Number of protein chains: 2
Amino acid sequence: MELDERKTKILQAVIRNYLETGEPVGSRTISKYTDLNLSSATIRNEMADLEEMGYILQPHTSAGRTPSDKGYRFYVDTMMEAKEREVVEMKEMLLERQDKMEQVLQRVAKVLAQNTQYATMISAPKMAGNKVKFVQLSRVDEGQILAVIVVEGNVIKNNILTVREELSDETLLKLNLLLNTNLTGLSISEINLGMISAMKQQAGIHSDIVGEVIDAVADAIKAEEDLEIYTSGTNNIFRYPELADQEKASELINTFEEKEQLENLLNQDFDSDNTGIQVYIGNESPVSSMRDCSVVTATYELGDGMRGTIGIVGPKRMDYDKVVGTLKTLQSKLDEIYKDHG
Amino acid sequence: MELDERKTKILQAVIRNYLETGEPVGSRTISKYTDLNLSSATIRNEMADLEEMGYILQPHTSAGRTPSDKGYRFYVDTMMEAKEREVVEMKEMLLERQDKMEQVLQRVAKVLAQNTQYATMISAPKMAGNKVKFVQLSRVDEGQILAVIVVEGNVIKNNILTVREELSDETLLKLNLLLNTNLTGLSISEINLGMISAMKQQAGIHSDIVGEVIDAVADAIKAEEDLEIYTSGTNNIFRYPELADQEKASELINTFEEKEQLENLLNQDFDSDNTGIQVYIGNESPVSSMRDCSVVTATYELGDGMRGTIGIVGPKRMDYDKVVGTLKTLQSKLDEIYKDHG
DNA sequence: GTTAGCACTCGTTTAGGTGGAGTGCTAATC
DNA sequence: GATTAGCACTCCACCTAAACGAGTGCTAAC
């Protein structure tokens with residue numbers, strides 16, 4: 001059987017209607033709702049076909065139809081067209097540049113949740129490709145050395161190293177020079193064992209302690225960043241009866257609080273061919289507690305190659321149009337902001 | 001009317017029983033449950049008295065009794081005796097020292113939630129009373145100066161300052177010396193406007209730019225720390241039917257996610273006279289969404305005067321004994337750990 | 001002062017009944 | 001052949017009434 005134009009229109013109407021009401025959609029509704037001028041009986045026949053083809057489901061005999069995952073997928077793939085949309089609040093918020101990334105992201109998540117009435121999550125941009133800009137060691141206390149590393153994008157890492165043996169001012173100065181000459185301009189992923197041992201060689205004489213320090217600095221640079229995911233609007237799931245029953249809600253809330261699983265959604269390989277927008281419907285998502293949800297994620301980029309991901313989690317009947325629109329706007333805004341101020 | 005020994009015993013029995021079952025407790029249950037050897041009729045009379053006195057409540061005529069806030073308060077105040085308790089997991093976890101405070105706290109919250117089956121929260125220790133140990137300015141880029149401040153307890157603050165006019169190496173050196181001489185050893189709360197202007201005077205010549213830098217450093221030092229509160233086990237509220245209905249659950253979950261309100265519970269003035277353990281029953285808590293909960297908080301101390309608070313949120317019928325015991329153990333463990341490794 | 005007993009209350013559960021939305025099928029119509 | 005009107009049927013959602021039972025307050029006897 002083929003999905004002709006009329007079937008497509010009916011499917012579209014079923015999904016649209018279900019998105020609005022959250023209730024199974026009957027043939028009579030469609031008959032009135034569309035401009036097809038068909039009787040409910042005809043619609044019924046078509047709907048029977050659509051069901052056979054797997055696009056819609058009947059919760060029980062003599063109930064209306066609801067979209068299946070396949071139906072949603074069809075809808076998202078073919079019918080969704082992105083609309084640019086004003087998100088005034090968000091724009092205003094982002095324009096007043098904040099200095100703390102953390103706060104910005106948390107706020108983006110919050111505003112997004114308020115705007116969409118869904119649950120949101122956002123991962124902090126990874127800086128794996130970024131270049132080291134500045135390294136400095138300073139003695140802060142006996143046996144304690146502070147290592148500060150500044151990476152492009154002005155991300156600062158620091159670490160206190162405890163050394164067994166005191167380092168002279170001279171050695172420290174030499175080490176600083178050495179580290180800066182060798183590391184500045186390299187991206188984090190470019191720093192490898194080979195160069196570290198080369199540096200140790202150059203450091204020469206005090207190789208024991210100095211070697212330790214160099215190792216520690218390298219470790220600090222390479223250290224995996226924390227799992228930085230910010231969430232908001234988790235409680236929005238209670239707006240959608242199909243997600244709000246205790247068991248499901250509990251699972252979902254746990255997922256949002258624990259955050260580990262969210263990583264699977266947010267740190268997907270960025271397939272840069274596209275707009276960076278991904279839609280996961282039901283079981284398409286790698287997170288099992290979201291089997292009754294849909295997830296839309298968007299990759300954002302902050303000028304200098306730092307990339308993170310924003311995600312929106314809602315019921316399958318989420319307003320895909322609006323969500324995708326909002327995410328696109330947000331993408332471009334984030335881009336702008338950081339181009340101007342980066 | 002007076003709360004004699006028999007009434008006390010009955011009240012205690014009612015509360016104990018309610019803690020276990022979560023159901024209103026009838027007179028017959030008490031008659032069997034206690035060793036008083038009284039008939040249910042007698043118990044009924046006593047319970048009527050207790051109700052009149054405000055210690056217990058009847059959800060409706062012909063239902064059993066549930067403790068009122070006053071009843072819980074009485075129970076907590078008089079009957080609760082702290083027991084030392086093994087919290088093996090927690091001990092093990094804390095013994096393997098982690099370097100990132102954030103991770104430790106997050107993990108403590110999680111383990112605590114798993115142990116107690118309640119929702120938990122923990123605030124990062126504040127360092128307001130701590131002393132500045134080291135200050136350093138370095139040029140990282142044109143017009144960009146990195147200020148690093150190390151405070152006792154090896155807490156590091158840093159900030160990138162953007163300056164309009166380039167500072168010479170010499171000026172920077174001078175500034176570093178000035179800042180260190182003036183600020184080292186002072187606690188953050190001791191740094192005030194007077195000293196800042198004195199420093200500016202000493203700085204002399206380049207007062208314009210230099211003044212700016214000094215201000216920025218002072219700001220960075222005084223900057224309110226982020227609202228660092230970690231939560232876990234929020235979804236445990238679904239274990240307790242009296243908290244699990246949609247509206248209440250939604251409110252509570254929001255409170256836990258937003259975290260702002262939790263601050264009111266966790267950043268109370270530490271009344272150091274006591275063990276640092278506080279119990280809020282129902283409306284005693286400043287957070288309205290917790291009107292049906294009880295909250296137990298414990299102040300912990302990390303050696304050098306840094307203090308934070310741990311909180312446990314559960315139903316009013318939470319196991320106060322266990323919770324207080326667990327928190328006390330945790331307090332002492334945290335203390336030990338940081339004495340050994342601080 | 002304590003207890004047994006009883007009438008009473010009131011929320012909870014169960015069963016039955018009804019209405020309505022929606023279907024599938026068939027026969028008539030275009 | 002496609003469309004439609006009509007009808008019998010299904011099944012959920014909702015309501016009501018009845019039965020249940022846990023627990024009470026009160027009274028009278030011990």
Side-chain angles (χ1 to χ4, degrees), chain A residues 1-11 13-15 17-18 20-68 71 241-242 244-245, chain B residues 1-11 13-15 17-18 20-68 71 241-242 244-245:
Chain A
M1 208 176 322
E2 209 192 332
L3 201 61
D4 59 19
E5 192 181 330
R6 196 169 75 177
K7 282 195 173 52
T8 306
K9 275 198 173 169
I10 292 172
L11 176 53
V14 169
I15 296 181
N17 202 281
Y18 182 71
E20 274 175 38
T21 64
E23 297 293 322
V25 184
S27 54
R28 226 178 90 76
T29 313
I30 301 297
S31 158
K32 286 185 296 179
Y33 190 77
T34 58
D35 51 358
L36 290 167
N37 282 326
L38 292 172
S39 76
S40 61
T42 314
I43 304 288
R44 272 202 289 287
N45 293 331
E46 295 287 43
M47 279 165 80
D49 290 351
L50 285 169
E51 180 166 8
E52 201 187 327
M53 293 160 80
Y55 289 104
I56 52 182
L57 295 172
Q58 223 174 352
H60 58 86
T61 358
S62 90
R65 296 333 205 270
T66 60
S68 68
E242 63 267 49
D245 78 85
Chain B
M1 207 176 324
E2 210 192 332
L3 201 62
D4 59 18
E5 193 181 327
R6 196 169 75 176
K7 282 194 172 54
T8 305
K9 275 197 172 171
I10 292 172
L11 176 54
V14 169
I15 296 181
N17 202 281
Y18 182 70
E20 275 175 37
T21 63
E23 297 293 320
V25 185
S27 52
R28 225 178 92 77
T29 313
I30 301 298
S31 157
K32 286 184 297 179
Y33 191 78
T34 59
D35 51 358
L36 289 167
N37 281 326
L38 293 173
S39 77
S40 61
T42 314
I43 304 287
R44 273 204 287 288
N45 292 332
E46 295 287 44
M47 278 165 80
D49 290 351
L50 284 170
E51 180 167 8
E52 200 187 328
M53 293 161 80
Y55 289 105
I56 52 183
L57 295 172
Q58 224 175 351
H60 58 84
T61 0
S62 92
R65 302 315 210 278
T66 61
S68 68
E242 63 267 49
D245 77 85

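In this text the structure is predicted, and so the values were computed from the model without any measurement. Throughout, a chain's letter reflects where its sequence line sits, starting with A, and its residues are numbered from 1. Both backbone and side-chain heavy atoms feed into the values below; hydrogens, waters and symmetry mates do not.
Between M47(B) atom CE and dT24(D) atom C1' the separation is 9 Å, expressed in whole Å. Distance, R65(A) CZ to dA21(C) C1': 13 Å, rounded to whole Å. Rounding to whole angstrom units, NZ of residue K32(B) and P of dT3(C) are separated by 16 Å. In this entry the distance linking OH of Y18(A) with P of dG22(C) reads 14 Å, nearest Å. Atom CD in E52(B) sits about 16 Å away from atom C1' in dT24(D), given to the nearest Å. The separation between H60(A) atom NE2 and dA21(C) atom P is 13 Å, rounded to whole Å. Atom CG in L36(A) sits roughly 17 Å away from atom P in dA2(D) (whole-Å rounding). Nucleotide dT27(D) holds its P atom 12 Å from the CG atom of N45(B), rounded to whole Å.
A 4.5 Å side-chain heavy-atom check between T42(A) and R6(A) finds at least one atom pair inside the cut-off.
Side-chain nitrogen and oxygen atoms of S62(A) include none within less than 4.0 Å of the OP1 or OP2 phosphate oxygen of dC11(D). Between T42(B) and dT2(C) there is no side-chain N or O to OP1 or OP2 distance below 4.0 Å. Within the structure, every side-chain polar atom (N or O) of T61(A) is placed at least 4.0 Å from both OP1 and OP2 of dT10(D). The side chain of S40(B) places no N or O atom within less than 4.0 Å of a non-bridging phosphate oxygen (OP1 or OP2) of dG23(D). Distances shorter than 4.0 Å separate none of the side-chain N or O atoms of R44(A) from OP1 or OP2 on dT26(C).
Position along DNA chain C of the nearest nucleotide to P59(B) versus R6(B) favours R6(B) as the more 5'-ward residue.
As judged by a 4.0 angstrom heavy-atom cut-off over every strand, A41(A) is placed among the base-contacting residues.
When distances are taken from the side chain of Q58(B) to each of dG25(D), dG11(C), dC12(D), the shortest belongs to dG25(D).
Computed from C1' positions of five pairs at each end, the angle between the two local axes of the helix from dG1(C)-dC30(D) to dC30(C)-dG1(D) equals 10°, rounded to 10 degrees.
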(message) Using the rule given for side-chain contact (heavy atoms from CB on, under 4.5 Å), can you reason through D49(B) versus E46(B), listing the C-alpha separation, both sets of side-chain angles and the distance that settles it, and then say yes or no?
(response) CA-CA 5 Å; D49(B) 290 351; E46(B) 295 287 44; 3.5 Å; yes
(request) Given side-chain contact (heavy atoms from CB on, under 4.5 Å), test R65(A) with L57(A) step by step and report yes or no. (result) CA-CA 5 Å; R65(A) 296 333 205 270; L57(A) 295 172; over 6 Å; no
(request) Check the pair I30(B) / V25(B) against side-chain contact (heavy atoms from CB on, under 4.5 Å), numbers first and verdict last. (result) CA-CA 8 Å; I30(B) 301 298; V25(B) 185; 3.5 Å; yes
(request) Dump the intermediate steps for side-chain contact (heavy atoms from CB on, under 4.5 Å) on I56(B) and Y18(B), then the final yes or no. (result) CA-CA 11 Å; I56(B) 52 183; Y18(B) 182 70; over 6 Å; no
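For the pair S31(A) and L38(A), the tightest heavy-atom approach, listed with the atom from each and the gap, is OG-O, 2.9 Å.
A donor atom on one side chain and an acceptor atom on the other are not found under 3.5 Å apart for R28(A) and S40(A).
The base of dG5(C) is not paired with the side chain of R28(B) by any donor and acceptor separated by under 3.5 Å.
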